[in-house]
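Input: a single structure, listed below in structure tokens.
Order of the sequence lines sets the chain letters (A, B, ...), proteins ahead of strands, with each chain counted from 1.
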Amino acid sequence: MRYWLIKSEPTTYAIDDLERMQQDHWEGVRNYQARNYMRDEMEVGDLALFYHSNATPPGVAGIARVCEEAHPDFTAWDPESKYFDPKSTPENPRWMMVSVAFVEKFSRLISLEELRDYPELKEMVLLQKGSRLSVQPATQKEFEFIRNLAHEAVHS
DNA sequence: GCCAACGTTGGC
DNA sequence: GCCAACGTTGGC
């Protein structure tokens, strides 16, 4: 299995929304590289860090699991949707999405600022200059390191 | 195929 | 709101 990091602006769709839904389509990805990761490499059972972008502060809010492999993103066909793309049709869908299931919400947000503090994470795709992919791979070590941070008892 | 102009992302 | 870094579009 593989590990991922998926970004969402919490004002649009936060980890709390996924918790409420339990499972949902990961719609609205309109970047080819991010689409390709979903279409070609994501498998059911893969785990993803759920990242809140454009937030105060930005950071990893929890974990989701891929629960359905890539299928056409039908929001691209809906003229009323903010994700509408007239170049995508049911006959020739341009955009794909997976479905994800809620796994857990961290008891504390692991902020971007904190992530930058750890040498163990300095190779993370998220932390590279200019990196802004909304679906990106993470290593097992990175994933587990961050999950462990979230699960650690808080020391004073 | 080049590349200028424009649009988006996302931290700050 | 600013702006750096990317990505896309479209004329040529």
Side-chain angles (χ1 to χ4, degrees), chain A residues 2-21 24-42 46-66 70-100 102-139 141-150 152:
Chain A
R2 298 187 182 186
Y3 297 87
W4 306 93
L5 181 144
I6 57 178
K7 295 182 187 174
S8 182
E9 301 193 14
T11 53
T12 301
Y13 196 94
I15 187 88
D16 292 335
D17 296 306
L18 183 60
E19 180 169 23
R20 185 164 54 249
M21 298 292 291
D24 214 342
H25 297 289
W26 198 252
E27 66 194 42
V29 173
R30 295 292 178 269
N31 171 281
Y32 289 105
Q33 194 176 349
R35 178 204 65 184
N36 292 350
Y37 279 133
M38 288 196 292
R39 184 189 64 190
D40 302 335
E41 299 192 39
M42 273 193 180
D46 286 359
L47 292 173
L49 299 163
F50 193 117
Y51 181 84
H52 281 174
S53 62
N54 248 322
T56 45
V60 179
I63 296 174
R65 173 173 19 85
V66 177
H71 50 286
D73 183 341
F74 49 75
T75 65
W77 309 332
D78 176 6
E80 302 302 310
S81 170
K82 67 174 178 175
Y83 301 124
F84 177 60
D85 180 354
K87 292 174 181 166
S88 184
T89 63
E91 295 73 29
N92 189 16
R94 171 175 297 212
W95 303 113
M96 308 286 282
M97 59 185 174
V98 296
S99 298
V100 295
F102 177 78
V103 175
E104 67 170 303
K105 178 184 178 180
F106 291 161
S107 56
R108 67 184 185 95
L109 183 89
I110 312 298
S111 72
L112 178 63
E113 183 181 24
E114 178 176 352
L115 295 176
R116 292 195 191 283
D117 286 341
Y118 302 107
E120 293 90 337
L121 300 179
K122 70 178 195 300
E123 304 293 328
M124 260 193 104
V125 175
L126 178 75
L127 303 182
Q128 304 313 303
K129 182 179 170 69
S131 169
R132 50 178 221 193
L133 266 186
S134 63
V135 175
Q136 56 180 249
T139 67
K141 283 184 178 177
E142 291 160 353
F143 179 92
E144 290 176 352
F145 185 85
I146 292 170
R147 183 171 57 188
N148 287 341
L149 286 177
E152 273 172 5

Under 3.5 Å, which donor-acceptor pairs link side chains of residues 79-86 of chain A to any protein atom two or more places apart or in another chain?
unit_1 : atom_1 : unit_2 : atom_2 : d
A:S81  : OG     : A:Y83  : N      : 2.9
A:D85  : OD1    : A:K87  : N      : 2.9
A:D85  : OD2    : A:W95  : NE1    : 2.8

Atom CG of A:N31 and atom P of C:dA5 are separated, to the nearest Å, by 18 Å
Residues at least two apart in sequence or cross-chain that pass side chain to side chain donor-acceptor pair (under 3.5 Å) with A:E144, listed by chain then number, are A:Q140
A:E114 meets the side-chain contact (heavy atoms from CB on, under 4.5 Å) criterion, sequence neighbours left out, with A:R108, A:I110, A:S111, A:Y118, A:L149
By ring-ring contact (aromatic ring centres under 6.0 Å, His included), A:F106 pairs with (sequence neighbours left out) none
Quick one: which protein N/O atoms are closer than 3.5 Å to N/O atoms of nucleotides 7-10 of chain B? Pair and distance per line, please.
unit_1 : atom_1 : unit_2 : atom_2 : d
B:dT8  : O2     : A:R132 : NH1    : 3.1
B:dG10 : OP1    : A:K7   : NZ     : 2.9
B:dG10 : OP1    : A:R132 : O      : 2.7

A:F143 meets the ring-ring contact (aromatic ring centres under 6.0 Å, His included) criterion, sequence neighbours left out, with A:Y3
